[in-house]
Protein chains: 2
Amino acid sequence: MRNRPSTLEEVARLSGVSTGTVSRVINNAPHVSKKSREAVQRAIEELGYVPNTAARSLATARRGAVALAISSDDPVLFANQFFAEVISGVNAVIEETDLQLMLVLAASDRGHSRLTRILQSRAADGVMLLALRENDPLSKIADEGQVPVVHGGRSLDRTPQYYVDADNRGGARQAVEYLVSLGRQRIATITGQTDMHVGVNRYLGFREALALAGLADHRISHGDFSEASGAAGMAQLLDEHPDLDAVFVASDAMAAGALKVLRERGRSVPGDVAVVGFNDIVTAQHTHPALTTVRQPIEALGREMTRMLVRLIDGDRPTSLILPTELVVRESA
Amino acid sequence: MRNRPSTLEEVARLSGVSTGTVSRVINNAPHVSKKSREAVQRAIEELGYVPNTAARSLATARRGAVALAISSDDPVLFANQFFAEVISGVNAVIEETDLQLMLVLAASDRGHSRLTRILQSRAADGVMLLALRENDPLSKIADEGQVPVVHGGRSLDRTPQYYVDADNRGGARQAVEYLVSLGRQRIATITGQTDMHVGVNRYLGFREALALAGLADHRISHGDFSEASGAAGMAQLLDEHPDLDAVFVASDAMAAGALKVLRERGRSVPGDVAVVGFNDIVTAQHTHPALTTVRQPIEALGREMTRMLVRLIDGDRPTSLILPTELVVRESA
DNA sequence: GTGAAAGCGCTAACAC
DNA sequence: GTGTTAGCGCTTTCAC
């Protein structure tokens, strides 16, 4: 570790101009002579000067940072890769700005209250809120807070003012329409939690598609997005509707469970039963047969959330976004 | 959004004490009468006062934040789940402190120079550096920087002063010893990049175990940790050493590729050829057959790195750590 | 046990 | 185009 970082005042002294001018150069404001500008730049170089962000924040009342807050410990959303992809998208936009990214995982109560503090205190210039639980008290706090908030995903209880979401309903519709186009007639579904926005909307998409095709939509089992619940759901469906010829499963994890049960019961996929999942997790490529599924634009979600937040911080009024999903056809349907 | 946050001075006014006393209460310093303390707390409550972190940072010369920097875009390490697990571990420790977590993904050049700035400028009180490339210039900058640095993993060119790493060598040895204990005699390996610390050490572990068992160690193919290279490596090994009865593959991704080739060539696993991977990625549970592999303590890595950094910030001199790995036996060996 | 006041390093308004 | 200076909101001596 080296000696103490140098200050703006030292730069001023060395370059023979006032602190005001140095400051102008650093923030490349207009009305600075070429001569001073170069003198300052030389001095900065020589001293290895780096501005003190705390001092700057204090003077400008801007933090120079945004927070990405993940409130829920919901395994489905937090699941590994979703997380990594969102961050990757967020980072891509952040890198173009001078903002820093703070990460706040509100797993414990402590994390929760910490997030509350950030929302109330202007510790960040803006917050992206991901995976809020239904009726999460944070939702209210966010609305009353000091800083702009962008939500990733919606919840059932309230639609946030600024959000980016994937088109879960459209994606589900697309998946089921594909099954219909394959000639399947007796299509079932295993839903996710229907007290969650994603769960409900994928289910609605399912019903919508069947209604449009004039097919029956009573073959339903309710899961919770977990692999185990997918297996259980599939077993139940086979018991209750042995004639089914396709199943739309609201998550890939559940679909993996369903495939296992189908194999055990000797139903061939997609011969006897076609299967479509949702999310396109990595594992979807490695199931047997490989899973046809709906891909969410997760990285884009991160990118768009960040863009939106930056615009809000700049005082703009962006409009919320629903991002399209994409059907990835593999072997299971 | 509400009105302006209140200041410490306002708290002082409302509670009828000096700003000095308010400050003492907030940082619960000794020598404050019960009476003042309570008056202050009441005022804080009433005003909803939250300290301004920038002002505090400026006064104390501490940032109240640490950075987790991921320098490399190395797909192996950045791979989804590794990333999420590290962060989860980091977060667990962070939540116990008053520190904030800044995330710096140095994917682009811009990201890189941004990280350099942080290292040089005390924008964070400490930095955790993950997945540094070999000969990464950052390594040097980190050493010369203003803040304590903890490395996750090592590189070939230099052993950092403070690091936490997984026992790659020991893990590999363990894996191969297990194959030996199964009675396998003609054991091959597909290595990772051997210009990377992990690559080399897993390879060394392989040789060590064979040497100890008095077995030949010439069945080698060099991969790059990718699934494709695993497939190519397996094909090559089968061509050159058709008699092999086991293979230690230095990553699960490569192992997945290898399994595919074995299946295509009609070799049964583990009947004809036993396969062990490394990393225990989620997919390992879903290959056919499910993959026996070496699990790295990734969350612990994040936790221990953070603990170490916090101790460094506090002025302690922690000692570097190598965390044990664990063999996860499934069906492939 | 408490108050007063001098900074921390920067920006921004104002004067020239 | 440039210099001067008053803060930003907090902590921390130093008196008392």
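Here is the naming used below: chain letters follow the sequence lines, and residue numbers restart at 1 for every chain. These numbers come from a predicted model, not from an experiment.
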Identify, between A:T19 and A:R37, the residue whose nearest nucleotide on DNA chain D lies closer to the 5' end.
A:R37

Please pick, from C:dG9, D:dG3, D:dG1, the nucleotide with the shortest atom-to-atom distance to any side-chain atom of A:T7.
C:dG9

Any B:S36 side-chain nitrogen or oxygen under 4.0 Å from OP1 or OP2 of C:dT2:
yes

Rounded distance in Å - CZ (B:R63) to P (D:dT11):
14 Å

Mark yes or no for whether B:T306, through its side chain, and B:G302, through its backbone, hold a donor-acceptor pair below 3.5 Å.
yes

D:dT11 P sits how many Å from B:N28 CG, rounded?
12 Å

Report yes if a side-chain nitrogen or oxygen of A:N52 is closer than 4.0 Å to either non-bridging phosphate oxygen (OP1 or OP2) of C:dC8; otherwise report no.
no

Heavy-atom distance under 4.5 Å between the side chains of B:V149 and B:Q161, does that happen here?
no

Would you kindly give the CZ-to-C1' distance between B:R24 and D:dT12, to the nearest whole Å?
8 Å

Without decimals, in angstroms, what is the distance between A:L58 CG and D:dA6 C1'?
13 Å

Interatomic distance where CD belongs to A:E38 and P belongs to D:dT2 [whole Å]:
12 Å

Distance check needed: D:dC10 C1' versus A:R122 CZ, whole Å only.
17 Å

Side-chain contact, heavy-atom cut-off 4.5 Å: A:I87 with B:F83?
yes

Sole candidate of A:D136, A:V150, A:L115 that passes side-chain contact (heavy atoms from CB on, under 4.5 Å) when paired with A:L129
A:L115

Tell me the interatomic distance from B:E9, atom CD, to C:dA6, atom P, rounded to whole angstroms.
15 Å

Residue met sooner reading DNA chain C from 5', once B:A59 and B:K34 are mapped to nucleotides
B:K34

Check this one for me: any side-chain N or O of B:S33 less than 4.0 Å away from OP1 or OP2 of C:dT2?
yes

Flag side-chain contact, heavy atom, 4.5 Å: A:Y49 against A:L14
no

It should be established whether B:S23 places a side-chain nitrogen or oxygen under 4.0 Å from OP1 or OP2 of nucleotide D:dT11.
yes

Can you see if the side chain of A:T60 gets near the phosphate of D:dC8 - specifically, an N or O under 4.0 Å from OP1 or OP2?
no

Find the distance A:I44:CD1 to C:dC10:C1' and express it as a whole number of Å.
13 Å

